[in-house]
Amino acid sequence: MATEAATLSPVHAITGAIDVDLHPAVPDMAALLPHMHPHWAEQMVVRGIDALESVMWKATMPITARPDFRGPPGTQPGQSLERLRAQALDGFGTAIGICNPLWGTAALFNEDMASELCRAMNTWLAREWLDREPRLRGAITVAPHAPDQAAAEIERCAADPRFVSVLLPAMTEMPLGRRSHRPIFAAAEKHGLAVTIHAGGQYRHPPTVTGWGSFHAEDHAAQANIFQAQVLSLVYEGVFVDHPSLRVVLLDAGIGWLPSFLWRANKTWRGLRAEVPWVKRSPSDIVREHIRFSLQPLQGPPDAQGMERLLEHIAADHMLLFSTDYPHWRFEGQAAVPPQIPARLLPALLRENALETYPRLRPSDRPRAALPEGVNRPAP
Amino acid sequence: MTVDVDPRVALAAETKFRLVDCDIHPIVRSTADLRPYLPKAWHDYFDQFGNFLVSPYTEAHPYPKPTPALSRLDSWPPNGGPPGSDLAFMREQHLDPHDIEIGVLQVLWPTAARQRNLGYAAALCSAINDWQAEEWLAKEPRLRGSIMVSLEDPESAAAEIARCARRGGYAQLMLMPRNMEPLGRKKYWPIFAAAQEHDLTLGCHTGGLNGYPVTGGAGHCSYYAEEKDAGGYPMEAMLTSMVFEGVFQSFPKLRLVAIEATMGWLPPLYWRLDELWQRFRAELPAVTRPPSEILREHIWVTTQPADEPEDPRHLRDLFDWIGWDRICFASDYPHWDSDDPRYALPVQMSLAEKRGIFRDNAMRVYRLG
Amino acid sequence: MARHVVMRAAELPAGESRVVTVRGREIAVFNLAGEFFALINRCPHEGAPLGLGLRIGLSESNKPGCYSHSRPGELVRCPWHGWEFDIRTGQSWCEPSRLKARAYAATRETGGALVKGLYVAESVKVAVEEEYVVVEV
Ligand code: FES
């Protein structure tokens, strides 16, 4: 939040937080080549495949990097571990940060290529980030249009306890609840991984049903509706019936739309529930149990009084998880927790909610086994 | 809650004002009713090819609706014809018992504005506009019409707007948010120019068809329950487009009523666009002040399908955020999700607040007074 | 509370319903395979006439994609927004404890039994050998 009112208000002191949304950047394809099957590494070079920068997060756009988070010209915002360490971790006194790289590996139409690049990016994340900074944890990036390969990749990475979540795009070929995606959720649930959905993604369809707009800003504004559709899909398709312990985190979704979305969903379900008879509880019950939201961007009331009203409507303080969205430009200075958020939320918001949501962040006596070296895995 | 004794007190008796209903759906008994209103040149097309939409079906819907004809089961006229096709029964079931002072008609079927054949779209829109005037407006002084135009053919749309404005009796220019492109784009501006010139309110009724997933970027969903709640998304996207493209800057007198999309999405849209605007200033030169200010100035919403918070008192928060002078009652008679004005908004309101929502706001935005 | 004779039992065949007015209240009477039930003719949501709702069965599922259907005709689906009510109890499917259509006790009794007790029969003439639907209001 960077409204004037917000910048004038006192800033919440935060320390020891769990930041659920950091974006380390893949600098270029060369960085992934060492982690790729030789067939695919050669394909990348021979065909000159590179620059999978997502259109949602074009590096030069102001939203993609706060000016002080941007880094030297010619580099990708978020590509430097040293800067991320100093600015996102030390800068906010963060205890644990979860890495969600947004390079567009999952948007390639070729299922095998997309899956292999996701695998390479996951290995790269382990080698270049998790190995080098003990406060970092990783999300397993998978291509949702190749669900069996995605499930296999979740199995592979799950051996490394530093991977705590699965990362899916909000913009997909088909909504994530549809049955063909079920292997992804089964694998995530089996390994105690939260499923996270991040704004942006595959761009298979216009961002809204009104067609392709003129502005990047429209694509960003559309994400809230895309997230609503994804949540309805997860609920109505019965993902949580099949996977009752699953937690889903919406990253970069905003929270302002949540209450009125739930009012509508409950009302619709009351009249139409026979269409989806496995949905036996109201959507608001299901959402409050299974869905969580990253704090940034807030996209809620800019004033404290309005925020109190919204929080009363949401009626579930356990749903909000601290995030900076580093290096994206969502707030000014140290105001990672927007000043209109009441201080009483802080203990849960900064840590407890994340520990409840991501089982792998909880202390355990699980044997630690870092993702093994070696890239000559058989291509599936 | 168990309702034992009927709490219904006719709102008009209690409060001494009559209602304005912004959304009543009349329909043809059969599409053959429109043939006489079409120019002869289109009769063969009408008989052999007509109703050609972006849809796998000629009439059915790939998200089948929850009730026959999308309608309340008690709204089928006793003398035959589909719900909404019989003026006498509409009077008896809706206009009289609710003491409707003015009702705004919105014609949804046949879907004239979305015909793939643009020539036929224009002809069918004119036919429906004339059919409204002769079959409804001429017979019932409480009703006002909606001018239907072919949005993908802005030139013919502007001409039709001028023709209907001369004829009179129409409260609004009817739009839908799901078009082939976001509605703010330049292509559609001749339509806004004509609306402003004739001081016509834009009535944007949820719906439209264009073949894109109703979720937008998430892809095609499975269930009607999802499609139903996706009805508001394009309203948000359309308004976003109109604000970002500078439509309200170029046509400062435009007033737009968002119809049948619920209301709860509007404040979050204010918040979201204001936050984003700060990052995208260089991309949006036409937007010289916070988007929420522009929306608050030009946008009204109708009440139906009524937002039903888990705690009904939260409706007041919603109305505070939207602005009490921006909310207009709509019943959506005779559709299945229509609202009864006596029960739809179960929250304490002052007489002035009620009067605004159930009458005065609509009188003002539609210039009905 | 009084026992009101609302119709002859033979007037309402199994599977049908009819709306009667008792003490100024509209009441929907249902015949479920010979058993009679009565609900107020007003949905607790926005007041739609429940007696005009379609009678449906109970669709249930324990697994996405698997459908079971039982109790055919024992639920009434509100003619407006489609909420389902159990004709036997008036309970809504979605929130059985909070959202209910007021239910009245309805029985089938012979004229012979009726004339021995107290009852009100405003519009029905009671004959000893006939069977009647009695609603307690
Ligand atoms: S009036 Fe019965 S469900 Fe709304």
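Chain identifiers are assigned alphabetically (A, B, ...) following the order of the sequence lines, protein sequences preceding nucleic acid strands; residue numbering begins at 1 within each chain. If you're wondering where the values come from, they're calculated on a predicted model, not measured in any experiment.
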Under a 4.5 Å heavy-atom cut-off, does chain C meet the side chain of A/V239, its backbone, both or neither?
neither
For a 4.5 angstrom cut-off between non-hydrogen side-chain atoms, does C/K63 reach A/W278?
no
How close do C/P64 and A/G238 get, counting heavy atoms only, and between which atoms?
CG-O, 3.6 Å
Locate the shortest heavy-atom distance separating C/N62 from A/V241; write the atom from each residue and the value.
O-CG1, 3.7 Å
Out of C/H81, C/E84, C/E60, which one racks up the most heavy-atom pairs below 4.5 Å with chain A?
C/E84
Taking the side chain as C-beta and beyond, is there a heavy-atom pair between C/W93 and A/K280 under 4.5 Å?
yes
Just so I understand: if I count every heavy-atom pair under 4.5 Å between each of A/R281, A/R179, A/R270 and chain C, which residue has the most?
A/R270
